[in-house]
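Encoded as structure tokens, the structure appears first; notes follow it.
Just the heavy atoms: all of them, side chains too, but no hydrogens, waters or symmetry mates, feed the values below. Here the structure is a predicted model, which is why all the values come from computation and not from measurement.
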Amino acid sequence: MTRSRTGTGAWITAALLAGAAIVAPAAARATAGTTVAYTTFPPSPSPTASPTACPAIQPPSEQNTPPTAPGAPTDVQVFMTQVLLRWAPATDADGIACYQVREVWNGAERVVGTFAGTVTSGSVYLPWPPYGVPSQVHQLYVVAVDTKGAVSPPSGSVSVTIYNDIVTPPSPSVSPAVVTCRVAVSSSDWWSGMSTSITITNTTETPVSGWRLKFIFPDPGQKLTTGWSATWSQAGSEVTAVNLDWNKTIAPGKSVTIGFLGSHTGSNPSPTRYTLNGASCAS
């Protein structure tokens, strides 16, 4: 009789654990934004992101050249809200202190996960879609930060879909960034100065309402001074231009023109890696 009771208890315990695994997604949806661990997830083959592995980010200088860009994320796997990804390492004379997985969300850049400088693969957690929203797409990319706080150009990006209320989601949607715009650049320079005009064209069939253009200065001596027809800022080698109220909407096939003045230290290569609201721009 003792053996019979023990067997029944083990069967009940197994049934309860199975039930907990089935209702886990609904519970996670009710607490959107928190990190939820699932015992049913296969063991992670690589580290989970740490929030404390990166030094303070510093503006670039002649003595602090940014790292090269890491490789675009590959081998992406998704289970519920956990995303596993891998990237090729960046290089830097001062050494890589950390890698950050980032995305542009609601028009602003945010860090999804941070990894030590020796790590080139790992897992991050993304938020569940809001209640009633079947899925949300996140566009992820990687930057490297060296031991002096200089930030590399961003890697290429991948789009990852997080599904709501699905215990075993469909195959993850992972694809290169969609080109949604085209930029035409006209620039002139002199001694240590430069003047650049950028025309942004909406190449989609829907209006762009509110935009954020980003690009990379290839040379650490290139600096933004001032600009017009947008709100301009620079962080490391990355320059950002945000729409003003009067030009925030770009109709399909239409364009807006903005521009800036800047300085350089003798080398003034053309900016690279234009993105509009996180999506790549053709040039």
Side-chain angles (χ1 to χ4, degrees), residues 46-47 49 54 57 60 65-78 82-92 96-126 136-146 150-162 171-183 185 198 200-201 203-204 208 211-220 222 234-241 269-283:
S46 49
C54 234
I57 293 175
T65 303
T68 61
T74 60
D75 301 333
V76 180
Q77 302 176 42
V78 181
Q82 185 176 359
V83 181
L84 279 68
L85 63 166
R86 182 185 311 275
W87 58 91
T91 59
D92 186 86
I96 304 298
C98 70
Y99 292 97
Q100 290 182 337
V101 179
R102 298 183 180 183
E103 68 171 337
V104 175
W105 190 252
N106 292 331
E109 187 176 58
R110 67 178 180 181
V111 177
V112 177
T114 301
F115 299 85
T118 56
V119 175
T120 55
S121 65
S123 60
V124 297
Y125 287 88
L126 298 176
Q136 282 185 327
V137 178
H138 299 258
Q139 187 178 77
L140 304 181
Y141 54 92
V142 183
V143 299
V145 181
D146 71 13
V151 182
S152 75
S155 71
S157 61
V158 292
S159 296
V160 178
T161 301
I162 299 298
S171 299
S173 173
V174 180
S175 60
V178 177
V179 175
T180 60
C181 63
R182 182 175 66 253
V183 295
V185 182
I198 303 172
I200 310 165
T201 301
T203 58
T204 71
V208 174
W211 49 265
R212 181 182 298 264
L213 181 75
K214 291 192 175 188
F215 58 85
I216 300 298
F217 276 147
D219 189 272
Q222 293 173 299
Q234 181 175 352
S237 60
E238 185 177 70
V239 178
T240 301
S270 298
T272 61
R273 304 182 66 85
Y274 288 91
T275 61
L276 189 70
N277 293 347
S280 298
C281 285
S283 58

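Partners of Thr120 according to the side-chain hydrogen bond (donor to acceptor under 3.5 Å, both in side chains) rule, which considers only residues two or more places apart in sequence or in another chain, do not exist here. Qualifying side-chain hydrogen bond (donor to acceptor under 3.5 Å, both in side chains) partners for Arg102, counting only residues two or more places apart in sequence or in other chains: Gln100, Glu109.
Looking at heavy atoms from C-beta onward, Leu84 lies out of side-chain contact with Ser121 at the 4.5 angstrom threshold. Using a 4.5 Å heavy-atom cutoff, the side chains of Thr240 and Arg212 are in contact. Looking at Tyr274 and Val185, their side chains come closer than 4.5 Å, going by heavy atoms from C-beta outward. Between Val112 and Leu126, some side-chain heavy-atom pair lies under the 4.5 Å cut-off. By the 4.5 Å heavy-atom criterion applied to side chains, Tyr125 and Ile162 are not counted as neighbours. Residues Pro70 and Tyr99 are in side-chain contact: their nearest non-hydrogen atoms beyond the backbone lie under 4.5 Å apart. Using a 4.5 Å heavy-atom threshold, the side chains of Val160 and Leu85 count as separate.
Atom CD of Gln234 is separated from atom CD of Gln222 by 9.0 Å, given to the nearest 0.5 angstrom. Expressed to the nearest 0.5 Å, how far OG of Ser159 lies from OH of Tyr141 amounts to 12.5 Å. Atoms CG and CH2, on Leu140 and Trp105 in that order, are 10.0 Å from each other to the nearest 0.5 Å. Between Arg182 atom CZ and Ile200 atom CD1 the span is 12.0 Å, to the nearest 0.5 Å.
The main-chain N or O of Thr91 is found under 3.5 Å from a side-chain atom of Thr68 such that the two form a donor-acceptor pair. Side chain of Glu238 to main chain of Ala235: no donor-acceptor pair is present (N/O by atom type, distance under 3.5 Å, no hydrogens or angles).
The two residues Thr65 and Asp92 make their nearest non-hydrogen contact at O-OD1, 3.0 Å. Scanning both residues, Pro73 and Val142, for their nearest heavy atoms gives CG-CG2, 3.9 Å. For the pair Ser155 and Gly71, the tightest heavy-atom approach, listed with the atom from each and the gap, is CB-O, 3.4 Å. Of all heavy-atom pairs spanning Pro66 and Ala150, the tightest one is CA-CB, 3.8 Å. Pairing each heavy atom of Ala90 with each of Ile96, the nearest pair is O-CG1, 3.9 Å. Closest approach of Val143 and Pro154 over heavy atoms only: CG1-CA, 3.7 Å.
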Could you walk me through whether Leu213 and Val183 pass the side chain to side chain contact (heavy atoms under 4.5 Å, CB included) check? CA-CA 10 Å; Leu213 181 75; Val183 295; 4.3 Å; yes
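Tested against Pro67 for a side chain to side chain contact (heavy atoms under 4.5 Å, CB included), the candidates Pro89, Ser152, Pro153 yield a single pass: Ser152.
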